[in-house]
> 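Mind having a look at this structure? Questions to follow.
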There are 2 protein chains.
Amino acid sequence: MVDEKEKDSTEQKIIAAAKQVFHEKGLDGARMQDIADKAGINKALLHYYFRSKDKLFEMIFREAVARLIPKVGILFLEDVPLFEKIEKFVDFYIAMLIENPYLPLFVMNEIQKESGREFLEGIFNGKKPAVHVLAKQIEEEVAKGNIKPIKPMQLTMNMVSMCIFPFMGRPMIKLLWDINEEQFMQAMEERKKHVVQFIIDSIRK
Amino acid sequence: MVDEKEKDSTEQKIIAAAKQVFHEKGLDGARMQDIADKAGINKALLHYYFRSKDKLFEMIFREAVARLIPKVGILFLEDVPLFEKIEKFVDFYIAMLIENPYLPLFVMNEIQKESGREFLEGIFNGKKPAVHVLAKQIEEEVAKGNIKPIKPMQLTMNMVSMCIFPFMGRPMIKLLWDINEEQFMQAMEERKKHVVQFIIDSIRK
DNA sequence: GTCTATATGGAGATAGAC
DNA sequence: GTCTATCTCCATATAGAC
């Protein structure tokens, strides 16, 4: 009984190992041997559980993205004041990236390829995050004179950029500022409040 | 006479092709065959001109980075007021990225690998950009009460993030906002002034 | 389900003719 | 300098015993 999702079943071990290796090295750089080693099994078993490397990759990736993208979409749609929406977005996004630090590079690489377009379509599965809802809200606040004039797309890019980029540039940031992993993570925690404040300070009249 | 750097010498054709393929697919994803095809020659010639794929890659990459990194370092060191320094940095950085849109992903991928550390050391060649000079300047402005209190590292991350990220996320941005390449580039041009203003609005008292 | 052993294919690299 | 043909290696994938 209750064999359900045995934390250390072979399948789970493979998924955990694959996640790590794929995230670190990308699809091309990852070696099935590395994944097998990390999972404590041999290559043949990988093919027994997942038919091919591509299948395994896609499965790992889609699981992560499918779980996270919808949550972002919902944040855009919620009927809350702009500043609160920004705060919720930044909080959620950075918290999510702390849990999935390799995801951004992973996604950026995929969308850059020739197949990137269809890849993106697949991710969103027809339902793109409603950036225009957020855009409309920003425009209304500008029109009402509640915030300084600003182009919604630029503001949104600023917000997303400041959340995501530090995780991609982590090794360089650590080197340039001479900080260790712990200090970096500490800075990311602080960053939740910092980015919100930085944005609000900029657009508030 | 004057054979110097014949624009369409085989070597130049290889370099142009390699640059394109490496930038699009990264070291692992790039195929020597692709590069040869794009250069209109065969694989053997690639090895005649450059001993190995790694050598070719390194050559392409170092050329671009070696040309650009020092310029950033100089910007940090210049003895100009903070706001002006920020403006110069953002202007230069975005202009550079318009010319080299694939460089960021390229760099991010390299630094993420196990070999990333030594790779970075190699890039900087002992002379890291002097972020601490900028940091000191920011701290002084805060102390003097000229700008709001802000942590130098966070402010610097914000600045760099807002410059670089849109170029990495370009395909997704174009899809979500439903704009074409021309409109995207237009937005990046506007962005030079936008980001500067956004930052100054945020930190100015 | 898990292993060992092996097949298959593709990529970088080389030899040698021209 | 440039080509064709070939080598070698290594990663994915499969066969088949246990």
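Just so it is clear, the structure is predicted and the values come from calculations on it, not from any experiment. Below, chain A is the first sequence line, B the second, and so on; all start at residue 1.
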> Separation of Leu45(B) atom CG from dT4(D) atom C1', in whole Å?
12 Å
> Within this structure, what is the CG-to-P distance between Asp28(A) and dG10(C), rounded to whole angstrom?
15 Å
> Round to the nearest Å and state the distance from Phe57(A) atom CZ to dA11(D) atom P.
18 Å
> Phosphate oxygens OP1/OP2 of dC3(D): is one of them under 4.0 Å from a side-chain N or O of Asn42(B)?
yes
> Round to the nearest Å and state the distance from Lys13(A) atom NZ to dG1(C) atom C1'.
12 Å
> Can you measure Gln33(B) atom CD to dG9(C) atom C1' for me and round it to whole angstrom units?
15 Å
> Tell me whether Lys43(A) contacts the main-chain N or O of Ala36(A) through its side chain, where contact means a donor paired with an acceptor under 3.5 Å.
no
> Determine whether a donor-acceptor pair (N or O, by modelled atom type, separation under 3.5 Å) exists between the side chain of Lys128(B) and the backbone of Leu175(A).
yes
> Between dA11(D) atom P and Leu27(A) atom CG, what is the distance in whole Å?
14 Å
> Between Glu78(A) and Lys85(A), does any side-chain N to carboxylate O distance fall below 4.0 Å?
no
> Take atom CG of Leu46(A) and atom C1' of dC3(C), then tell me their distance rounded to the nearest Å.
13 Å
> Quickly work out the Asp34(B) CG to dA11(C) P distance and round it to whole Å.
8 Å
> Going 5' to 3' through nucleotides 13-18 of chain C, assign each nucleotide B (protein heavy atom under 4.0 Å from a base atom), S (under 4.0 Å only from sugar-phosphate atoms) or - (no protein heavy atom that close).
BBB---
> Do any N or O atoms from the side chain of Lys88(A) and from the backbone of Leu75(A) form a donor-acceptor pair under 3.5 angstrom?
no
> Is Met162(B) close to Met159(B) at the side-chain level, that is, under 4.5 Å between some pair of heavy atoms?
no
> Answer yes or no: is there a donor N or O on one side and an acceptor on the other, between the side chain of Asn180(B) and the main chain of Gln183(B), under 3.5 Å?
yes
> Which part of the nucleic acid, if any, lies within reach of Ala30(B) when heavy atoms closer than 4.0 Å are counted: base, sugar-phosphate only, or nothing?
sugar-phosphate
